[in-house]
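Side-chain atoms are counted along with the backbone in the values below, which use heavy atoms only and exclude waters and symmetry mates. Residue indices begin at 1 and follow the sequence shown.
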Amino acid sequence: MNLKYPFLDLGRVNEPYADEMVAAAERVIRSGRYIGGPEIEAFESDLSSYTGAPFAVGVSNGLDALRLILRAYKEMGVLSDGDEVIYPANTYIASVLAISDAGLTPVAVDIDERTMNIDTGLLEQALTERTRAIMTVHLYGRVAWDDTLVDVARRHGLKVIEDCAQALGARTLYSGFHESHHAGALGDAAGISFYPTKNVGALGDAGAVLTHDEELARTVRALANYGSDRRYHNLYRGFNCRLDPIQAAMLRVKLPHLNSENADRFARALAYRRTIDRRDIVLPLMTNEVNDCVWHQYVIRVPADRRESFMRQMENEGIGTDIHYAVPPHRQLCYASLVHGPLPVTERIADEIVSLPIGTGISVADAAEIGSVINGLDF
């Protein structure tokens, strides 16, 4: 079906930057540097300046960013096989894949129903003698960080790793470990994704690691380059997880526009909030905290037994929708053996959530029109 409001149109997203991207691609082609080099260095510097994290390492994608952080901590002697890493049950499976891939044990914690992020009030009871880290996920673009998380981590000597795949540009009133308030620079390390659908997306896979820890950054950089700190000198049994210069060049074009993109998303989210008026639909939280959510997704909740009908009627009205994410990691076949406690909130909302269009493909007026359509549906 040819939708009036498709869920996401990446061609339209990138159209404003097309000429600059072509010029950037030509610059890389003519440079003759296709691995590493000045494009990577310049982008890493730009990203570091933007977030306030002093060390940025470009890598191949967001999953690899998290994998490399955890592997680096193992090489540094901070983590060991079997150590437990707490994560929010409501997340994309990449968060958990990174933990298990590193030989660590994922421990799911349920979420706060209002924020749909980790319920930090449940952290203490999830701790065991093997807990060594917390992976906090800024899901849907909302910062998952508060004083309780900081207190638990500090009292128990836990590393805090941010899965910042969806929240670049978000800020919080709560101070990070290094007095930062910027997502990606709050904890000990952060994994960033520049998947094409992100608020700032590459033209393919790309990612980055952010940290205040120079040793961690150095270890991540080596691990991503076959475990080598210099040519033919391999410190670790590493990987090939480097960021491509062509993607770094694309991201250098788009990163300066991220704040504007995030502001536009906020305006569309506000239009939804002001327009949608139904008792049977739960809208996502909007707070007074400045930029605490950059609205990577706008996720509403509808009654589980009517979700399919709602999405079908939206499609009939020419409006695209999606589900992020329909099956939580602990319910995936590959984690069938994962031991976890009750996760009632995650289980319930997984059957209720629906994502509405929020990206560049729609205007504020479009969001208001979509909201009006929703008000009139009989699903």
Side-chain angles (χ1 to χ4, degrees), residues 86-96 107-126 134-153 160-176 180-187 190-191 193 198-199 262 265-266 268-270 272-274 276 281-302 304 322-326 328-330 340-356 358:
I86 290 172
Y87 75 94
N90 181 42
T91 186
Y92 184 54
I93 197 169
S95 309
V96 194
V107 176
V109 166
D110 211 359
I111 60 170
D112 181 301
E113 187 165 357
R114 294 172 69 243
T115 66
M116 292 189 278
N117 278 331
I118 194 165
D119 185 341
T120 57
L122 301 176
L123 288 174
E124 199 86 41
Q125 67 191 58
I134 300 169
M135 183 179 289
T136 186
V137 182
H138 307 314
L139 198 66
Y140 308 141
R142 184 180 306 280
V143 180
W145 191 269
D146 61 19
D147 288 341
T148 300
L149 186 153
V150 171
D151 176 64
V152 170
V160 178
I161 299 148
E162 300 173 70
D163 181 338
C164 195
Q166 302 182 358
L168 193 61
R171 295 175 63 86
T172 175
L173 295 175
Y174 298 98
S175 179
S180 173
H181 296 268
H182 202 300
L186 296 167
S193 171
K198 296 299 189 286
N199 293 25
N262 289 344
R265 286 171 178 264
F266 174 82
R268 296 175 200 122
L270 188 60
Y272 279 137
R273 163 64 63 173
R274 290 173 170 171
I276 300 174
I281 290 179
V282 179
L283 301 182
L285 178 69
M286 291 193 82
T287 73
N288 293 324
E289 188 174 334
V290 178
N291 297 329
D292 72 327
C293 186
V294 293
W295 302 101
H296 173 61
Q297 302 294 349
Y298 190 87
V299 180
I300 65 172
R301 291 164 50 201
V302 302
D322 207 339
I323 301 174
H324 298 88
Y325 298 95
H330 68 276
H340 58 82
L343 302 167
V345 181
T346 297
E347 294 280 357
R348 183 173 71 256
I349 72 163
D351 297 326
E352 300 173 347
I353 51 178
V354 178
S355 300
L356 301 181
I358 190 70

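- Scanning both residues, Pro329 and Ile93, for their nearest heavy atoms gives CG-CA, 3.9 Å.
- In terms of modelled atom types and a separation under 3.5 Å, the side chain of Asn199 and the main chain of Val294 share a donor-acceptor contact.
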For Leu168 and Lys198, run side-chain contact (heavy atoms from CB on, under 4.5 Å): C-alpha distance rounded to whole Å, both residues' side-chain angles, the deciding distance at 0.1 Å, then the answer. CA-CA 9 Å; Leu168 193 61; Lys198 296 299 189 286; over 6 Å; no
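- With rounding to the nearest 0.5 angstrom, the OG1 atom of Thr172 is 12.0 Å from the NE2 atom of His182.
- Taking a 6.0 Å sphere around CZ of Arg348, one finds it holds more than 12 heavy atoms contributed by other residues, nucleotides or ligands.
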Given the rule in the side-chain contact (heavy atoms from CB on, under 4.5 Å) test, do Tyr140 and Met116 qualify, once you have shown the distances and angles that lead to the verdict? CA-CA 9 Å; Tyr140 308 141; Met116 292 189 278; 4.0 Å; yes
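- Considering Val143, Leu149, Val160 as possible partners of Leu186, the one that fulfils the side chain to side chain contact (heavy atoms under 4.5 Å, CB included) test is Val143.
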Hey, mind stepping through Leu139 and Gln166 against side-chain contact (heavy atoms from CB on, under 4.5 Å) and telling me if it holds? CA-CA 6 Å; Leu139 198 66; Gln166 302 182 358; 3.8 Å; yes
Applying side-chain contact (heavy atoms from CB on, under 4.5 Å) to Ile276 and Leu356, what does each step give before you reach the verdict? CA-CA 12 Å; Ile276 300 174; Leu356 301 181; 4.0 Å; yes
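- Test Asp110, Asn90, Asp119 against Thr346 for side-chain hydrogen bond (donor to acceptor under 3.5 Å, both in side chains) and you get one pass: Asp110.
- Between atom CH2 of residue Trp145 and atom CG of residue Leu173 there is a gap of 14.0 Å, rounded to the nearest 0.5 Å.
- Here the options are Asp146, Leu123, Thr91, the test is side chain to side chain contact (heavy atoms under 4.5 Å, CB included), and the partner is Ile118; only Leu123 passes.
- Note: Arg273 CZ to Leu283 CG = 4.5 Å, rounded to the nearest 0.5 Å.
- With hydrogens and angles ignored, the 3.5 Å screen pairs no side-chain donor or acceptor of Asp322 with any backbone N or O of His324.
- In this structure, Tyr325 OH and Gln297 CD are separated by 6.5 Å, a value rounded to the nearest 0.5 Å.
- For the atom pair CZ (Arg265) and SG (Cys293), the distance works out to 10.0 Å, reported to the nearest 0.5 Å.
- Minimum heavy-atom separation, Pro328 to Ala89: CB-O, 3.9 Å.
- For the residue pair Arg114 and Asp112, the shortest heavy atom distance occurs at N-OD1, 2.7 Å.
- Annotation: side chain of Ile111 is in contact with side chain of Ile349 (closest heavy-atom distance under 4.5 Å).
- Rounding to the nearest 0.5 Å gives a distance of 4.5 Å between NE2 of His340 and NE2 of His330.
- Within a 6.0 Å sphere centred on OH of Tyr174, other residues, nucleotides and ligands contribute 12 heavy atoms or fewer.
- Under the 4.5 Å side-chain criterion, counting only non-hydrogen atoms from C-beta, Arg301 is in contact with Ile353.
- Contact between Val109 and Ala126 at its shortest, heavy atoms only, is CG2-CB, 3.6 Å.
- Nearest heavy atoms, Trp295 versus Pro284: CZ3-CG, 3.7 Å.
- Side chains of Tyr272 and Ile358 form a contact here, defined as non-hydrogen atoms less than 4.5 Å apart.
- No donor-acceptor contact under 3.5 angstrom links the side chains of Asn291 and Asn262, judged on distance only.
- Considering every non-hydrogen atom in both Asn117 and Arg142, the closest pair reads ND2-O, 3.0 Å.
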